Engineer: 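Handing you this structure, nothing more for now.
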Number of protein chains: 2
Amino acid sequence: MPEYKAPLRDMQFVLHDVFHAEQLWETMPAMEDVNRELADAILEESAKINESLIAPLSQPGHEEGVTWADGVVTTPKGYPEAFKQLADGGWGGLSGAPEYGGQTMPKMLVLLFEEMLYSSNIAMGLYLTLTSGAALAIASHASEELKTKFLPNMYSAKWAGAMCLTESHAGTDLGMIRTKAVPQTDGSYSVSGTKIFITGGDHDLTENVIHLVLAKLPDAPAGSKGISLFLVPKFKVNDDGSLGEANGVSCGSIEHKMGINASATCVMNFDGAEGYLVGEINRGLQGMFTMMNYERLSVGIQGLSAAEAAYQWSSLYARERTQSRAPSGPVNKDGAADPIIVHPDVRRMLLTQKAYVEAGRAFAVYVGKQLDLSKFASGDAQERGAAMVELLTPVAKAFLTDKGLEGTVHGQQIFGGHGYVREWGMEQLVRDVRISQIYEGTNGIQALDLMGRKIAANGGQTLALLVAEMREFGASAAAVKGMDEFVNPLNEAVDNLESLAAYVLEQTKNGDANAIGAASVEFLHVMGFTLYTYMWAMMCKAVLSGDCAQGDAFAQAKLHTARFFVQRLLPQAKGLSESVRNGSASLMDIPEEAFI
Amino acid sequence: MPEYKAPLRDMQFVLHDVFHAEQLWETMPAMEDVNRELADAILEESAKINESLIAPLSQPGHEEGVTWADGVVTTPKGYPEAFKQLADGGWGGLSGAPEYGGQTMPKMLVLLFEEMLYSSNIAMGLYLTLTSGAALAIASHASEELKTKFLPNMYSAKWAGAMCLTESHAGTDLGMIRTKAVPQTDGSYSVSGTKIFITGGDHDLTENVIHLVLAKLPDAPAGSKGISLFLVPKFKVNDDGSLGEANGVSCGSIEHKMGINASATCVMNFDGAEGYLVGEINRGLQGMFTMMNYERLSVGIQGLSAAEAAYQWSSLYARERTQSRAPSGPVNKDGAADPIIVHPDVRRMLLTQKAYVEAGRAFAVYVGKQLDLSKFASGDAQERGAAMVELLTPVAKAFLTDKGLEGTVHGQQIFGGHGYVREWGMEQLVRDVRISQIYEGTNGIQALDLMGRKIAANGGQTLALLVAEMREFGASAAAVKGMDEFVNPLNEAVDNLESLAAYVLEQTKNGDANAIGAASVEFLHVMGFTLYTYMWAMMCKAVLSGDCAQGDAFAQAKLHTARFFVQRLLPQAKGLSESVRNGSASLMDIPEEAFI
């Protein structure tokens, strides 16, 4: 298995040359201590620990997996020690609130750490990022007492966090959960029920696991309006902060899965466990929403990360593996064959990966920027950022992970038979990334969220903001010499996106209840292609305006890759758009019996 | 894991109602004993043994895998006994030559047995189909002596076969193999070398394994013109047919892979093993070609088979799993939620699978028909069949398997988190089918073969035959009432295919050595979409002409699914075509260094 090398230059290009992060941070009071120098230092430290400590554990962890025996979950060899180093390095508290020991770093930066972490080892990364996610929900919605008691040890990753939502009969449809929370006289709740698919539900990495559990009070309204959120620790915590007795929380078994073998996916039993209400009664889902935008972006980044690793390794392999001759004649004349990178079709697979990964990274940082605006800016900028987060999050989650699978499959394909064999590491990337299209809301659910709640529900207002922004960019960028070949496809893609959304809204308005669901996945992909075109245009503008500080070869490669993207990949959006415009009838007219 | 049910009705529809197999067989003297009744009886027996015996071994085999210890390969529990039942049932000799105990069944029929076998258990299926493949090469090219000695025991699957091509440095580029064959005074050869990725190279299912080995004579010309083919048995065979001594053939290790865990993928060491020349010296690759068209179609069918299983199980799950409500209001009013099949996006995933599987099955039978024509017809029909086999085989191998991966991923996605968990069986389908895109020539190599050898090399002549056939069908079918909605898209797709090929040939003629490689994969997919449109149009014509004997609900479902295909899937071909028309420059202009 090849080594992972953090793509620091591209990260710095995106952060500094494309999005001018430092200038943005200067406008935000909470970011006063953050500057380019600090950001680069963090990226470099992150690269070191991920490359040298976390990545080497990935393949052994894939082979060994997590074990469960007599209720005890054991992670693979080396995981507890490595997790402790991540914890001691402060990597669990990067985004944390400063009053409880967090470091309040901008998401634009933290997500690049997450990218490296997941490229190195998705399974290991999950234990840390779910802890950050749980801490975020606590910081946003819990009482001062709970925050003081739990957050510092979560930011320091001395304790881990887990999100307990799914039950066997309630996945997408959380309104049907049956876990009960009965109020106790001391103000706490007695929580009972069984949750499944709980990532990091139990393990041996930390001395405590802090569960955030969705449950219903005995008199709760039916459906999703009766869901409350509870903090339920594995071990109770005494008032002095020391660990108390076990808390009726146990791991009943773990799942054997397609991938992320080193991540414990637990059945969690809550048996009269002591829990503490987070936020308001019956508003538990709302309590989850703050966190969800971060988690969904984080899952999207798993797709990006796996694709980055696949690109690195397949690109190296394509330069080293010799087989057959270039179509235009031998290149490696002294050898028996040419490196396979001379073949157009191998280049197609490499460039497809590269074009999606680099646009995906820029897009992730762009969404991170909106999250930062929504959190740290004020007034209109804050409001606009919050709206953009809502609109873009489902695209980030689904498009990054769909392209993540596509990228890892291309990478694996370049290895030929060796890609199918475990020792080369490529099959693990495919297996690990596949879950990112499923969990944290399947990609189909993301698409429904986008088309339904984020576009149709407000008559396309937020989408109109984005469309206007892209048009404005196109108009201003057109003045830069050489930008035509990138701005023209962008303008065309934006026009198409706008009219496609209008088509779906019109169908809905005309009474087609299935119009949204029938269009949603293809629409999300068309929007993803459009946004990636925007990202490529922004990157090319940085290059052509002389803003790229990474040298000429790097800059030229950006232009080449952008050209490949608009000429060879973007055309797919046209086919998808035509599918949408053919309407919902062909999906709905066929009777259920015909599927047998 | 759900049960597999052979799709007998659809198989019979395709074989009898669409392709009128019996009428075809009546024109072929070698098929005089084959009729509809016999074909249906074989399909029903095949369904029984595959459903009840082979399919139940799939998941346990996936979990247990093959083991290798001290040079001995052991297949999972139950495999030897089940293989013996397949052997005793005569399933290994279906296509065999009658003079050596084969049954001479038409490929159109045999491939439906293969579909069931692979849907049940790809790993198990490979041991049998590779034996048939090796037997075919022997029957086509070996001496009478070798045929008499080896074929009867291979047709009866008492002995298995294996194909030994790949070496660690020579996969796609077989010209570089190093395995040596030194002539001996007795007319045999001493074969030495190491082969990798040998499916079924060793195992405990049969008492002997007959290897077909590519090797070079000491004075052989360099490259692919110096390759000869040898039959090398694991155990020598005495003149009386009894097994003799071990033959310097040993399994050095097995691969641990992404999937097909129950299939032994072996490193095979040949150490002065006694081998017998098959065919002519230095024409070993040609000896493989006869077999390759059958093997490649068979691998394509693996894609179809996995997708069929995924469709069956996800369609069942979608009708049983309840979650959320239909967009147009509750359907299952007494329950807490509706079955997820009410959701347009779930239907999209189901219909995508269904549309590809049913067109894929028709296409496989169509290619099987060409194989039968090339083998059993005479004169022009034979010649035309042979040409069509050459043209269509790479499309069948690559498009069926690419759509196989897509289908299994859709099926897995419908299961949500349960799809990622091993116990439900969906992740196995994804893992098992992935190899079909890689082995027997990667799908990229298939595309090069199609665009280069099968189209460009003869100036598009064979493609022109196919185009004319599709146009002729379109013209005649247009007269059938209701066919417009299927014939119009077909005509458009055919025009596009023709002009796209002309574009690539023109670029090549103008000196672009990379035009073929740059266009090849997208072109193959455009051709696949066009052929599937042709298949759907043929199936709809059978329905609308009253030729469908499967009842009205079945017939209506065909029309619905065809409509979904042309409206929602076929538009993708336009995007792919535009990519091709944007040329090779964006692939080739970027310098190699930029990939780092």
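The model shown is predicted, which means the values in this text are computed figures rather than measured ones. Just so it is clear: chains get the letters A, B, ... in the order the sequence lines come, proteins before strands, and each one is counted from 1. The figures that follow rest on heavy atoms only: side chains count, while hydrogens, waters and symmetry mates do not.
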Engineer: For A:Ala518, is it the side chain, the backbone, both, or neither that has a heavy atom closer than 4.5 Å to a heavy atom of chain B?
Structural biologist: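 The answer is both parts of A:Ala518.
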Engineer: Can you establish whether the number of heavy atoms outside B:Arg9 located under 6.0 Å from its atom CZ is more than 12?
Structural biologist: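 For B:Arg9, atom CZ is crowded (more than 12 foreign heavy atoms under 6.0 Å).
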Engineer: With a 4.5 angstrom heavy-atom cut-off, is it the side chain or the backbone of B:Met588 that approaches chain A, or both, or neither?
Structural biologist: both
Engineer: Using non-hydrogen atoms and a 4.5 Å limit, figure out which bit of B:Glu593 sits close to chain A: side chain, backbone, both or neither.
Structural biologist: neither
Engineer: Top residue by heavy-atom pair count (under 4.5 Å) with chain A, among B:Gly417, B:Ser315, B:Ala447, B:Gly444?
Structural biologist: B:Gly417
Engineer: Could you check which of B:Asp345, B:Ile435, B:Val409, B:Leu351 has the highest count of heavy-atom pairs closer than 4.5 Å to chain A?
Structural biologist: B:Ile435
Engineer: What part of A:His343 is in contact with chain B, defined as an atom under 4.5 angstrom from a non-hydrogen atom: side chain, backbone, both or neither?
Structural biologist: neither
Engineer: With a 4.5 angstrom heavy-atom cut-off, which part of B:Leu405 approaches chain A: side chain, backbone, both or neither?
Structural biologist: side chain
Engineer: Distance check, rounded to the nearest 0.5 Å: B:Thr322 atom OG1 versus A:His169 atom NE2?
Structural biologist: 9.0 Å
Engineer: Sort B:Ile341 into side chain, backbone, both or neither according to what part of it lies under 4.5 angstrom from a heavy atom of chain A.
Structural biologist: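 The side chain, not the backbone.
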Engineer: Non-hydrogen atoms of chain A under 4.5 Å away: do they reach the side chain of B:Val430, the backbone, both or neither?
Structural biologist: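 Just the side chain, heavy atoms under 4.5 Å.
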Engineer: Select one option (side chain, backbone, both, neither) describing which atoms of A:Phe197 are under 4.5 Å from chain B's heavy atoms.
Structural biologist: side chain
Engineer: Considering only heavy atoms, which portion of A:Arg581 lies under 4.5 Å from any heavy atom of chain B: side chain, backbone, both, or neither?
Structural biologist: neither
Engineer: With salt bridge (charged side-chain N to carboxylate O under 4.0 Å, His left out) as the test, would you mind laying out the steps for B:Arg422 and A:Glu255 before giving the verdict?
Structural biologist: CA-CA 8 Å; B:Arg422 294 219 297 264; A:Glu255 305 293 345; over 6 Å; no
Engineer: Applying salt bridge (charged side-chain N to carboxylate O under 4.0 Å, His left out), run through A:Lys574 and B:Glu578 and close with a yes or a no.
Structural biologist: CA-CA 9 Å; A:Lys574 292 189 187 166; B:Glu578 184 175 324; 3.0 Å; yes
Engineer: With only heavy atoms counted, which part of A:Phe565 is less than 4.5 Å from chain B, the side chain, the backbone, both or neither?
Structural biologist: neither
Engineer: Using a cut-off of under 4.5 Å on heavy-atom pairs, state which of B:Ala513, B:Ala222, B:Gly223, B:Ser324 scores highest against chain A.
Structural biologist: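 Most heavy-atom pairs within the cutoff with chain A belong to B:Ser324.
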Engineer: Quick check for you: among A:Gly259, A:Ala326, A:Gly329, which has the greatest number of heavy-atom pairs under 4.5 Å with chain B?
Structural biologist: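 The residue among A:Gly259, A:Ala326, A:Gly329 with the greatest pair count is A:Gly259.
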Engineer: Using non-hydrogen atoms and a 4.5 Å limit, figure out which bit of A:Gln412 sits close to chain B: side chain, backbone, both or neither.
Structural biologist: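 A:Gln412 touches chain B through backbone and side-chain heavy atoms alike.
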Engineer: Checking B:Tyr311 against chain A: side chain, backbone, both or neither under 4.5 Å from a heavy atom?
Structural biologist: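 The side chain, not the backbone.
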Engineer: Quick one: which of B:Lys5, B:Arg321, B:Glu63 has the most heavy-atom pairs under 4.5 Å with chain A, could you say?
Structural biologist: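 Among B:Lys5, B:Arg321, B:Glu63, the one with the most close pairs to chain A is B:Arg321.
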Engineer: Could you go through A:Arg431 and B:Glu427, starting from their C-alpha distance and side-chain angles, then the distance that decides it, and tell me whether this counts as salt bridge (charged side-chain N to carboxylate O under 4.0 Å, His left out)?
Structural biologist: CA-CA 9 Å; A:Arg431 288 165 63 178; B:Glu427 63 96 44; 5.4 Å; no
Engineer: Measure B:Ser168 against the heavy atoms of chain A and call it side chain, backbone, both or neither at under 4.5 Å.
Structural biologist: backbone
Engineer: Which atoms of A:Leu174 come close to chain B, meaning under 4.5 Å heavy atom to heavy atom: side chain ones, backbone ones, both, or neither?
Structural biologist: neither
Engineer: Which atoms of A:Ile196 come close to chain B, meaning under 4.5 Å heavy atom to heavy atom: side chain ones, backbone ones, both, or neither?
Structural biologist: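 For A:Ile196, side-chain heavy atoms alone lie under 4.5 Å from chain B.
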